[in-house]
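Ligands are counted one by one from 1 in listed order, and the atoms in each one are counted from 1 as well. Residues take their numbers from the sequence shown, with the count starting at 1.
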Amino acid sequence: MVVLGIESSCDETAAAVYDSEKGILSSIISSQIQDHAPFGGVIPELAARKHIEALIPVTEEALRQAGITLDVVEGIAVTFAPGLVGALLTGLSFAKALAWTLGRPFVGIHHLEGHLLSPFLDTEVPPPRFPFLGLIVSGGHTSLYKITDYGRYELLGKTVDDAAGEALDKAGKLLGLPYPGGIAIDKLTQEGGNPRAYKFPIGFPQRDNLNFSFSGLKTALVYTVKKMALTPPFNQPIHDKIRRDLCASFQETIVKALVRKSLFALEETGLKELVVTGGVAANHRLRQVLEKKSKKTGIRVIIPPVNYCTDNAAMIALAGLKRLERGQKDTFSLNAISRLPLESL
Ligand code: KG4
Ligand code: ZN
């Protein structure tokens, strides 16, 4: 079966073609990062407008690279939740129109299901075996799931406030780094910076709680910076060395929280494989620490290639294929939903 996937939940317009026999035939991603950078964050209305401009060319390019025409497409998968509702609606309406015109089935996909299945896109390494643990770390989500099969996800813990990527982006903004802060902090800390220079709090440090909290950490950074401005030399720009140390310490605290909760969850569930996905999975320090823990504990850590970790439509096409193969499809009354727990599906 050949499935066309469409993704437009946040600031990436993506289209991909997945063939059940040959795997990914194409995956095109058009990022709006440069459009939102001047505002220091994603502007929902702007995101929706940019998706409208990009959906047709991105889909045409996905078909072209796959070497197929629309009549070969046997099913359409599209992200319908969660995300920015205006952004979601553009992709959903586009997918509905295509499905109606072609007379093909279409299925709405939960964005997080796409992320959790993204390791199956990578043909370079053996896929994870069910059941496995999934950590999603992005700008909008930080959650731990037990995945027992395609379509079967059990939430073990999630952030009660900011997502890890959101906290990194806010810290970057506060420290005068370019948008998005997560990438800038990763880059800066690779050049140096002492991760032990500042001590920041880890939210819910206890073992019996698999939730995350990053707002206390963010407040601690704000106060640390404010205090600096109140001592001589008053209100001076932050010195480069101090900025690097602050970034390294802030990033280290986030990495510690993510790794600690993942290890607790693995111990508690007895699972032996951990999949890490979402934009923050690209972080060098997180990868380094996970690799070390993997060697020490024998846990297999699987991090898909960066272009499958960040938002893409290949993961949506694959999730759609699995649902269509199970005989699931949606009607044209399916609506976009900004907040929807994955486990409620
Ligand atoms: O998954 P994603 O592309 O979009 C969603 O949020 O769904 O993730 C974007 C987030 C941003 O917060 C960005 O700062 C963060 O991922 N990010 C990183 C890195 N690359 C992207 N954070 C830390 N280190 C990175 N290398
Ligand atoms: Zn995402």
Side-chain angles (χ1 to χ4, degrees), residues 5-14 16 27 29-34 36-37 40-42 44 47 51 79-84 87-88 91 109-118 121 134-143 145 158-159 162-175 177-191 193 195 212 214 218 247-248 250-259 275-290 303-316 319 338-340 342:
I6 306 283
E7 155 67 37
S8 70
S9 64
C10 189
D11 59 345
E12 263 98 26
T13 318
S27 177
I29 303 166
S30 167
S31 172
Q32 302 176 1
I33 282 192
Q34 294 314 324
H36 299 284
V42 177
H51 285 309
T79 308
F80 79 104
L84 303 171
L88 285 166
I109 296 298
H110 192 289
H111 183 74
L112 297 189
E113 172 168 51
H115 274 305
L116 290 174
L117 298 184
S118 62
L121 296 170
L135 170 67
I136 304 176
V137 258
S138 70
H141 305 274
T142 303
S143 325
Y145 286 93
K158 67 179 173 75
T159 182
D162 287 352
E166 187 182 359
L168 286 162
D169 291 347
K170 286 178 179 167
K173 199 170 176 179
L174 179 73
L175 296 171
L177 297 177
Y179 172 82
I183 297 178
I185 289 176
D186 190 10
K187 218 164 124 193
L188 195 69
T189 51
Q190 284 179 72
E191 294 164 14
F212 301 88
F214 298 109
K218 187 184 64 190
C247 284
F250 190 85
Q251 176 182 265
E252 192 69 10
T253 313
I254 289 191
V255 168
K256 258 190 197 158
L258 296 173
V259 173
V275 165
V276 186
T277 181
V280 183
N283 184 267
H284 286 80
R285 182 64 186 148
L286 178 61
R287 285 172 175 251
Q288 192 183 42
V289 175
L290 284 171
I303 307 178
V306 173
N307 52 333
Y308 297 145
C309 274
T310 50
D311 288 352
N312 67 85
M315 65 185 192
I316 302 302
S338 59
R339 285 167 180 268
L340 180 74
L342 173 59

Given side chains that start at C-beta, do those of [X] and [Y] come closer than 4.5 Å, heavy atoms only?
X      : Y      : result
Pro82  : His111 : yes
Thr277 : Tyr308 : no
Phe80  : Ile316 : no

Side chain to side chain contact (heavy atoms under 4.5 Å, CB included) assessment of Ile33 paired with Asp11 | CA-CA 7 Å; Ile33 282 192; Asp11 59 345; 4.3 Å; yes
Which atoms form the tightest heavy-atom contact between Asp311 and Glu12, and what is the distance?
->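 That closest heavy-atom pairing would be CB-OE1, 3.4 Å.
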Kindly give the heavy-atom pair with the smallest separation between Ser27 and Asn312, and that separation in Å.
->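 Looking at all heavy atoms of both residues, the closest pair is OG-CB, 4.4 Å.
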Sort by chain and number the protein N/O/S atoms found under 2.8 Å from the Zn ion (ligand 2).
->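 Less than 2.8 Å away from the Zn ion (ligand 2) sit His111 NE2, His115 NE2, Asp311 OD1.
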For His51, all residues meeting ring-ring contact (aromatic ring centres under 6.0 Å, His included), sequence neighbours excluded =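 Residues passing ring-ring contact (aromatic ring centres under 6.0 Å, His included) with His51: none at all.
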Going by the angle between their ring planes, with limits at 30° and 60°, are Phe214 and Phe212 parallel, tilted or perpendicular?
->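 Phe214 vs Phe212 ring planes: parallel.
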For Lys170, all residues meeting side-chain hydrogen bond (donor to acceptor under 3.5 Å, both in side chains), sequence neighbours excluded =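 For Lys170 the side-chain hydrogen bond (donor to acceptor under 3.5 Å, both in side chains) partners, ignoring immediate neighbours, are Asp162, Glu166.
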For ligand 1, run through the N/O pairs with the protein that fall under 3.5 Å and put one pair on each line.
from	atom 1	to	atom 2	distance (Å)
ligand 1	1 (O)	Gly279	N	3.0
ligand 1	4 (O)	Asp311	OD2	3.4
ligand 1	6 (O)	Gly139	N	2.7
ligand 1	6 (O)	Gly140	N	3.4
ligand 1	7 (O)	Asp311	OD1	3.3
ligand 1	7 (O)	Asp311	OD2	3.2
ligand 1	12 (O)	Gly165	O	3.2
ligand 1	12 (O)	Asp169	OD1	3.4
ligand 1	12 (O)	Asp169	OD2	2.7
ligand 1	14 (O)	Asp169	OD1	2.6
ligand 1	14 (O)	Gly182	N	3.3
ligand 1	20 (N)	Gly279	O	3.4
ligand 1	24 (N)	Gly182	O	3.4
ligand 1	24 (N)	Asn283	ND2	3.0
ligand 1	26 (N)	Asp186	OD2	2.7

